[in-house]
Number of protein chains: 2
Amino acid sequence: MATEVQQLAQIRERFIGQWGTFGSAWGIPRTMAQIHALLLMSDESLSTDEVMDALHISRGNANTNLRELVGWGLVYKRHRRGERREYFEAEKDVWTIFCTVARERKRREVEPALNLLRDCVQLTASMRTKQGKAFHKQMQKLAEFVGLAASLMERLAASERSRVIPALVKLLA
Amino acid sequence: MATEVQQLAQIRERFIGQWGTFGSAWGIPRTMAQIHALLLMSDESLSTDEVMDALHISRGNANTNLRELVGWGLVYKRHRRGERREYFEAEKDVWTIFCTVARERKRREVEPALNLLRDCVQLTASMRTKQGKAFHKQMQKLAEFVGLAASLMERLAASERSRVIPALVKLLA
DNA sequence: TCGTTCTTTCAGTAGATTCTGAAAATCAAG
DNA sequence: CTTGATTTTCAGAATCTACTGAAAGAACGA
């Protein structure tokens, strides 16, 4: 029936919109999240022009965000034989997506924060005032926790899903 | 020495600035993250005016973000006897902070996303076109994973640190 | 009740971020 | 090389978010 196609289009559109909103709550540009949503739902790889049309965005915008997504490792460039233009396809496996995002955010955002914290610990190590010692202590605790969390995330992202997930479920039962 | 006080002030300032930047990469307003950083470093609780002075921000801004932090459960209101004005103190325990943030983000952002995904699964359950079925399948996988992750986070945040952390370290060794 | 102190609200603005569109660069085939 | 198709870049525009400051609202004591 023709209705199913229309319905599907409507649901897709809703998903794209909401996924964009959701992304921007986590510090990911709206359009980037929407492009990701669009590609996640597409069986076939899409060209820049198809993305532009689907989301009503400019060429520059589409190009920039597509490249950004490729940079994150969430989207792959594809080539079709006999075709000059590039096509884009999203990584579809949810566990792989999770691991990629975890790794990238750690590298881009957690690592620098950790460096900051460790600097703060170092620079106050020999302070003798009450305030200085208190600050040192607090930074120490923070650095320790963030460091541990980052390391655990890294190792989680390097694990095999089939081994780790059941173990986690059991541990947190 | 007088130098230590100056040095400490400088380091604190650096920490506040960077923590703000870090926060805004994760979708947390810069000022809110900075106020949190300031309170995290302060032994004594601070009044709205002290926060305003320390960060050079307006009363409205300070008030709004302080209340927001209280709303997140990361900061507590304090009263001093004989004093009319309110003072604010940050939760200092890192594990508690982590659990609070995990819970709140789940409630505010993951839960709604999960509802969206489940709606998408429902609404496409009976579709018969190739595209419809593919979409349904992809949403199903996404919903399943996000649901599991949310549930694990919730349970992690409800666990005792001393029991869970060592177990996690061992599991991911 | 009135005056004082402190808190909250919110319209307007400032500032930051994201997007557009056109020009420049790249590339492959003839 | 030249041409035409495609991608990239980026200055300026549009949009969105966060902040200010002043005015209104509570809370309390006298």
Side-chain angles (χ1 to χ4, degrees), chain A residues 16-39 45-72 75-89 108-109, chain B residues 16-39 44-72 74-89 108-109:
Chain A
I16 290 175
Q18 290 291 117
W19 199 249
T21 303
F22 181 57
S24 74
W26 287 78
I28 288 148
R30 182 177 266 91
T31 306
M32 190 172 143
Q34 288 184 340
I35 295 179
H36 188 229
L38 175 66
L39 292 177
S45 55
L46 300 183
S47 68
T48 300
D49 291 79
E50 286 168 323
V51 172
M52 287 166 59
D53 289 352
L55 303 179
H56 307 292
I57 60 176
S58 71
R59 181 172 305 283
N61 195 9
N63 180 269
T64 303
N65 283 294
L66 278 167
R67 247 160 348 102
E68 193 72 3
L69 283 165
V70 172
W72 275 73
V75 165
Y76 309 115
K77 282 190 183 180
R78 292 269 180 256
H79 297 273
R80 297 190 190 167
R81 68 201 199 96
E83 284 253 24
R84 183 120 147 247
R85 84 176 61 183
E86 288 177 324
Y87 287 81
F88 298 90
E89 185 178 353
R108 298 175 190 225
E109 289 143 12
Chain B
I16 290 175
Q18 290 291 116
W19 200 249
T21 303
F22 182 56
S24 76
W26 287 79
I28 289 148
R30 183 178 263 86
T31 305
M32 188 172 146
Q34 288 185 340
I35 295 179
H36 189 230
L38 175 66
L39 292 176
E44 307 295 324
S45 54
L46 300 184
S47 68
T48 301
D49 290 77
E50 287 168 323
V51 172
M52 287 166 59
D53 289 352
L55 304 179
H56 308 290
I57 59 176
S58 72
R59 183 171 304 284
N61 193 9
N63 181 270
T64 303
N65 283 293
L66 278 167
R67 248 162 344 103
E68 193 72 4
L69 283 165
V70 172
W72 274 72
L74 294 170
V75 165
Y76 310 114
K77 282 190 183 181
R78 292 270 180 255
H79 297 273
R80 297 188 189 168
R81 69 200 197 97
E83 282 253 27
R84 185 118 149 244
R85 82 177 65 180
E86 288 177 323
Y87 288 80
F88 299 89
E89 185 179 353
R108 299 175 189 223
E109 289 143 11

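Just so we're on the same page: letters track the sequence lines, and every chain starts at 1. Please read these numbers as outputs of a predicted model, since none were measured by experiment.
Between A:R84 and the phosphate of C:dT26, there is no side-chain N or O to OP1/OP2 separation shorter than 4.0 Å. Remark: B:N63 is not in phosphate contact with C:dT7, judged by side-chain N or O atoms under 4.0 Å from OP1 or OP2. Not one side-chain nitrogen or oxygen of A:R30 sits closer than 4.0 Å to the OP1 or OP2 atom of C:dT18.
B:S45 and B:R80 get closest at one heavy-atom pair: O-NH2, 3.0 Å. Between B:G23 and B:A33, the shortest heavy-atom distance links the atoms CA-CB, 4.2 Å.
Geometrically, A:R78 does not engage A:F88 in a cation-pi contact defined by less than 6.0 Å to the ring centre and at most 45° from the axis. Figure legend: cation-pi geometry between A:R67 and A:W72 absent, as NZ or CZ is not positioned both under 6.0 Å from the six-membered ring centre and within 45° of its axis.
Counting to the nearest Å, the P atom of D:dT20 and the CE atom of B:M52 are 9 Å from each other. Following rounding to the nearest Å, B:E83 (CD) and D:dA27 (P) show an atom-to-atom distance of 19 Å. Between the P atom of C:dC27 and the NE2 atom of A:H79 lies a distance of 12 Å, rounded to the nearest Å. Going from atom CG of A:D49 over to atom P of D:dT6 covers 8 Å, rounded to whole Å. When the C1' atom of D:dA26 is taken as reference, atom NZ of B:K77 falls 12 Å away, rounded to whole Å. Separating the CD atom of B:E50 from the P atom of C:dT7 is a distance of 11 Å, rounded to the nearest angstrom. In this structure, the CZ atom of A:R67 is 8 Å from the C1' atom of D:dT9, given to the nearest Å. The nearest whole Å value for the distance from the CD atom in A:E86 to the P atom in C:dA28 is 11 Å.
Considering only heavy atoms from C-beta on, B:V75 stays 4.5 Å or farther from B:I35 through its side chain.
Place A:R85 and B:H56 on DNA chain D by their nearest nucleotides, and A:R85 ends up nearer the 5' end. Taking for each of B:Y87 and B:S24 the nucleotide of DNA chain C with the nearest heavy atom, the 5'-most of the two is the partner of B:Y87.
The residue B:R59 sits close to a base: some heavy atom pair falls under 4.0 Å.
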